[in-house]
There are 2 protein chains.
Amino acid sequence: MPSIQDVAQLAQVSTATASRALSRPDMVAQTTRERVLKAARQLGYQPNVLARGLRQGETRTIGVIVTDILNPFHATLAKGIQDAADRHGYVAFLFNSDEDPAKERRALDTLRGHLPQGLILVPTSGAREHLKAMPDLPVVELDRVTGRPDATTVTTDNTGGGAAATRHLIELGHTRIGMIVGQQDISTATERHDAYRAALHAAGLTYDPALVLPGNHREDDGYRAAMHLLSLPADHRPTALFVGNNEMTVGAVLAARALSLRIPEDLSIVGFDDSRWAQTMTPPLTVVAQPAYDLGVQACELLLRRLSASGNRTPARVQLPTTLILRHSTAPPARPRSGASGPDPSAAHPPVTPSTGPPRA
Amino acid sequence: MPSIQDVAQLAQVSTATASRALSRPDMVAQTTRERVLKAARQLGYQPNVLARGLRQGETRTIGVIVTDILNPFHATLAKGIQDAADRHGYVAFLFNSDEDPAKERRALDTLRGHLPQGLILVPTSGAREHLKAMPDLPVVELDRVTGRPDATTVTTDNTGGGAAATRHLIELGHTRIGMIVGQQDISTATERHDAYRAALHAAGLTYDPALVLPGNHREDDGYRAAMHLLSLPADHRPTALFVGNNEMTVGAVLAARALSLRIPEDLSIVGFDDSRWAQTMTPPLTVVAQPAYDLGVQACELLLRRLSASGNRTPARVQLPTTLILRHSTAPPARPRSGASGPDPSAAHPPVTPSTGPPRA
DNA sequence: CTGAAAGCGCTAACAC
DNA sequence: GTGTTAGCGCTTTCAG
């Protein structure tokens, strides 16, 4: 790799001038500037960011930790962040915590050694503790929230989304609405759960803890929880399910299939977070959609604004709206006549908004 | 951030000793070592990798460029790489080219400034040219291949996979088998295409260029191509489709649905690359599966082996097998009686291997 | 076994 | 406008 020395030598100037020509073009005479740029091009010069970062204390680098890069929601967050960072000349280092606080801890330590100028974090339950060790690092909490008092956060309206999903099911006539909910030490899970409970109460329905099962955000957690709920005796079994994240929703659908329950005739399902899978499964799934890409972009923009000295007074909390997208996985409950759970011909499709046209771009 | 100076001072030693105590424990007396380690722990010392990398010329960093992080196949490659790198104490910097040679070029330049010790690249068509500019960087080409003579590559057996898929359709009795194929400047696309053609010839069927349409690996390319092929007059329309990658397969399935063609009664489909979507769609999709995670791991292991001086003579090309997974998207063609494409009761499910049990772990 | 000192590539004072 | 020089944090000779 050619160094700036090589460039300077070829251009017959000092390294200082070469450096200025490349980074502060207006501090150098037109002709020398051109000579330096030509030399740089000729050598394929690429500044060594290690040296530059070491010297300036500015790496133009941000760290990103998501909990599961294989989850399309997180992959989309990451893409939004990287695209935004790129537009501003920053590079984003992406790490995975796999929902594991210990891995998150290690990722943070590794990251720290690379002197990122800021961090965008989808926190695990351990994050609050971990972040104490790095009090000077500007952090944006994304999607979930640690509860640190002065945190900068970019989230979605989980409360509104949870309420909309639950109300939708209530309006269809469901009274036994089960919920599969994420870990209760994760903010999104509790918010969605609380909204569900509040919506039930508001409608005069009782909240039945037996119909609420936790899972650790993975597909098989959803599968197991749904299996349990759907195996309850017919007069206890929920006629509708609100599932607290996208991966668990897949599991819940597969469980319903394994039990030969038809969706929506025998069971209505509303998922959280939209995805191609939700759009194209049979039947297309009613979901609470989140603007994942935009969440990533906003988190990055917000972080970079905070990094620039000028933007000292930037908003501390951004919240993006959710949208309930009605498709075909919800319907009024089958009227239980004999107490058996057979199909009920009176079950009808709910009104739907358009949703499964030609593929997205 | 505390520096090694701070540690040295607290431990009452020189920075040299502190450095040795941390990186070469056996070069330092037991007691001093303990003193240094304690000081380091106490201060939360984290080595500055910029300074270290600058000094040693070794960053313990590798670059990774995939073409589409939102594609689960690529996300899985990336995860395999990162997990493997992590096990060896390396960190992987992940970039996206979005199938765009210009973006790939920029990613390479950015990466180069970070002095990665090696690169794992899913190349675009521009890669061969781009890599000329960095002849000293050890590169592993992953999934696809640039065709550079001495390249180190980790790929799957596209030829075997393409042949198996095509033969499967032929054995079911299909004679008009369409193919939606990737860009012909991408090695995986040409290999799969060649295998398809060879399998047709081997079975005495003629290769009909009108039944082969290219796409740029995205869902909507598959949609458009399938729309075109499936809108051909009934006696020209293919009764089966072999689709050359996972995203385009989604598009093809949606096109079939849009045209109200039943799968597999009216149309058999075999996709390339397995995914949760393929497993859980209706009907479950017959696919040529690739070991994506393992591809990533192998690429990383291979690269790191090449980096260690000892492993000078490591294999240059690794190829992993593909597996044809029979599910329910293929069946014998409907016997064309009146020339109309109505359903044929003689269409039957093919024998299948187990495929859609409870969710994966 | 430990310390002093040089130097990785770069930029920012500070001179001229 | 340009050159000289120091120093970012670290590791590694080279002495002792």
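We use all heavy atoms of the structure for the numbers below, so side chains are in, but hydrogens, waters and symmetry mates are not. Order of the sequence lines fixes the chain letters, A, B, ..., with proteins taken first and strands second; residue numbering starts at 1 for each chain.
When the P atom of C:dG9 is taken as reference, atom CG of A:L22 falls 16 Å away, rounded to whole Å. Distance, A:N48 CG to D:dC8 P: 18 Å, rounded to whole Å. One can place CZ of B:R60 at 17 Å from P of D:dC10, the figure rounded to the nearest angstrom. One interatomic measurement links the two molecules: CD of A:E58 to C1' of D:dC8, which rounds to 13 Å at whole-angstrom precision. As rounded to whole Å, 12 Å separates atom P of C:dT2 from atom CG of B:D26. Distance, A:H114 NE2 to D:dC10 C1': 14 Å, rounded to whole Å. At whole-Å resolution of the value, CD in A:Q9 and P in C:dC10 are 13 Å apart. Atom CG of A:L54 and atom C1' of D:dC10 are 8 Å apart (whole Å).
Looking at B:T153 and B:E141, their side chains never bring a donor and an acceptor atom within 3.5 Å of each other. One side chain, B:Q30 or B:E34, offers a donor N or O that lies under 3.5 Å from an acceptor on the other.
Taking the nucleotide of DNA chain D with the nearest heavy atom to each of B:L50 and B:A16, the more 5' of the two is matched to B:L50. Ranked by how close their nearest DNA chain C nucleotide is to the 5' end, B:A51 and B:T31 are led by B:T31.
In this structure, A:R52 reaches the C:dT11 phosphate: one of its side-chain N or O atoms is under 4.0 Å from OP1 or OP2. Within the 4.0 Å cut-off from OP1 or OP2 of D:dT4, not a single side-chain nitrogen or oxygen of A:S14 is found. Between A:Q56 and the phosphate of C:dA12, there is a side-chain N or O to OP1/OP2 separation shorter than 4.0 Å. At the phosphate of C:dC1, neither OP1 nor OP2 sits under 4.0 Å from any side-chain N or O atom of B:T32. OP1 and OP2 of C:dC10 both lie 4.0 Å or more from every side-chain N or O belonging to A:S19.
Residue A:R24 is in sugar-phosphate contact alone, with no base atom involved, counting any heavy-atom pair closer than 4.0 Å across all strands shown. Within 4.0 Å (heavy atoms only), A:V13 reaches sugar-phosphate atoms of the nucleic acid but no base atom.
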Chi angles and distances behind the salt bridge (charged side-chain N to carboxylate O under 4.0 Å, His left out) call for B:K103, A:D86: CA-CA 11 Å; B:K103 274 203 186 176; A:D86 191 51; over 6 Å; no
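For B:R20 and C:dG3, a side-chain-to-base donor-acceptor distance below 3.5 Å is present, hydrogens and geometry of angles not being considered.
Here the options are B:L295, B:V154, B:T155, the test is side-chain contact (heavy atoms from CB on, under 4.5 Å), and the partner is B:Q319; only B:T155 passes.
Taking the charged nitrogens against the carboxylate oxygens, A:D83 and A:R87 have no contact shorter than 4.0 Å, which rules out a salt bridge.
Here the nucleotide nearest the side chain of B:Y45, chosen from C:dG9, D:dC10, D:dT2, is D:dC10. You'll find that the side chain of A:S23 is closest to C:dT11, out of C:dT11, C:dG9, C:dG3.
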